[in-house]
Amino acid sequence: MEISPQTSLADLVVQQPGRARVFERFGVDYCCHGRLSLAEACQEAGVEYKQVRRELEASDSGPGPFEEDWSAEPLSRLIEHIVEIHHNYLRCELPRLEGLMTKVAIHHGLRYHQLADLAEVFLAMKSELLEHMQKEERILFPMIRRLEAGKAAPMTVNNPISVMEGDHRHVSEALAAIRRLTNDYTPPQDGCTAFGALMAGLEELEEDLHQHIHKENNILFPRAEKLERELAQFV
Ligand SMILES: [Fe+2]
Ligand SMILES: [Fe+2]
């Protein structure tokens with residue numbers, strides 16, 4: 001696929017999932033702002049379009065991390081993947097990071113005051129994410145599975161989808177605040193091993209959440225809405 005200034009971020013990553021890594025490096029938000037064109041996104045992130053384009057092309061020619069092409073797989077498989085890989089990851093990782101954060105705060109809390117703000121943002125995001133995943137698994141995902149089985153849902157998927165997209169925007173803002181508060185996940189020179197592990201864990205959490213939200217916002221949700229429109233034509 002031709003990379004042009006007008007191509008949307010969502011299309012770029014759906015076509016070549018490895019491009020997500022380039023966007024991560026440049027701080028370009030391809031998950032919650034997937035509808036932005038590449039030129040608009042570069043301008044918003046304060047990076048040069050030509051440089052990003054060069055790196056995207058370089059990433060296309062390399063082997064890149066293996067990621068399935070979810071744009072054509074059945075939606076039920078994509079849902080299964082999101083729950084097994086991304087939801088399970090969060091259910092294990094969020095409590096682990098909370099434990100690490102408590103440990104770090106006990107040792108360094110007096111010298112690094114931003115740890116209190118970090119814990120506040122992290123804990124709010126944690127409870128929001130746990131609730132959010134329940135809503136997806138209990139309400140939205142079963143509706144999408146029904147649509148794929150050819151059964152019209154009792155209500156349109158548009159409403160739960162717009163609620164989920166709103167939650168994703170909150171999460172994205174919390175991640176940006178965490179990145180700011182940790183100075184791009186940099187542990188202090190005199191930080192203990194737990195401090196380093198916390199920074200590495202938070203950075204990995206950000207990358208996983210970007211992938212997770214991208215698969216929902218840019219692939220699963222638009223495909224479910226399209227399926228619903230197609231089904232309505234046959235009723
Ligand atoms: Fe999810
Ligand atoms: Fe979600």
Side-chain angles (χ1 to χ4, degrees), residues 8-14 17 19-21 23-24 28-36 41 65-98 121-149 153 155-179 201-228:
S8 74
L9 299 180
D11 284 346
L12 287 165
V13 180
V14 171
R19 291 171 178 164
R21 295 219 166 235
F23 290 137
E24 293 286 350
V28 169
D29 179 359
Y30 63 93
C31 57
C32 276
H33 293 105
R35 291 188 189 102
L36 285 184
F66 174 74
E67 183 65 67
E68 280 195 60
D69 175 7
W70 293 110
S71 60
E73 287 294 315
L75 294 181
S76 51
R77 265 211 71 216
L78 174 54
I79 288 173
E80 204 178 307
H81 164 82
I82 288 171
V83 174
E84 267 178 24
I85 302 298
H86 297 292
H87 289 199
N88 283 345
Y89 165 81
L90 287 173
R91 289 192 172 108
C92 294
E93 196 60 6
L94 291 169
R96 186 186 81 87
L97 291 172
E98 184 182 353
V121 175
F122 175 82
L123 290 176
M125 182 179 81
K126 177 185 170 228
S127 64
E128 195 172 339
L129 272 170
L130 294 175
E131 204 182 306
H132 172 83
M133 289 190 292
Q134 268 200 1
K135 285 189 271 182
E136 287 182 336
E137 289 172 25
R138 290 187 185 169
I139 301 166
L140 180 58
F141 291 175
M143 284 174 79
I144 297 176
R145 282 203 194 92
R146 279 174 63 93
L147 278 177
E148 195 168 49
M155 60 170 181
T156 168
V157 288
N158 294 342
N159 299 336
I161 283 178
S162 71
V163 176
M164 295 304 105
E165 285 175 338
D167 288 353
H168 292 166
R169 278 193 293 278
H170 270 176
V171 171
S172 186
E173 283 159 17
L175 289 172
I178 290 173
R179 182 175 268 281
L202 287 173
E203 187 165 18
E204 192 190 282
L205 177 79
E206 182 193 57
E207 195 177 326
D208 189 86
L209 272 167
H210 285 164
Q211 281 283 334
H212 177 175
I213 293 173
H214 159 69
K215 285 172 196 165
E216 292 176 350
N217 275 10
N218 299 334
I219 307 176
L220 181 65
F221 297 169
R223 285 188 61 195
E225 285 170 331
K226 183 166 173 256
L227 193 58
E228 187 174 61

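In each ligand, atom 1 is the first atom listed, and ligand 1 is the first ligand listed.
- A salt bridge does not link E204 to R96: none of the charged side-chain nitrogens sits closer than 4.0 Å to a carboxylate oxygen.
- Across every non-hydrogen atom of N217 and C32, the tightest pair is ND2-CA, 3.9 Å.
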Review point. Would E216 and H212 count as a side chain to side chain donor-acceptor pair (under 3.5 Å) if you check the C-alpha gap in whole Å, the side-chain angles of each, and the deciding distance to 0.1 Å?
Key: CA-CA 7 Å; E216 292 176 350; H212 177 175; 3.0 Å; yes
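- A donor-acceptor pair is defined here as one N or O able to donate and one able to accept, closer than 3.5 Å; no such pair exists between the side chain of E207 and the backbone of E24.
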Practice item. Start with the C-alpha gap between L90 and L209, add the side-chain angles, then the distance that decides, and say whether side chain to side chain contact (heavy atoms under 4.5 Å, CB included) holds. Key: CA-CA 9 Å; L90 287 173; L209 272 167; 4.0 Å; yes
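- For the Fe ion (ligand 1), protein N/O/S neighbours under 2.8 Å (waters excluded) are H87 NE2, E136 OE1, H212 NE2, E216 OE2.
- Expressed to the nearest 0.5 Å, how far CD1 of I79 lies from CD of E148 amounts to 7.5 Å.
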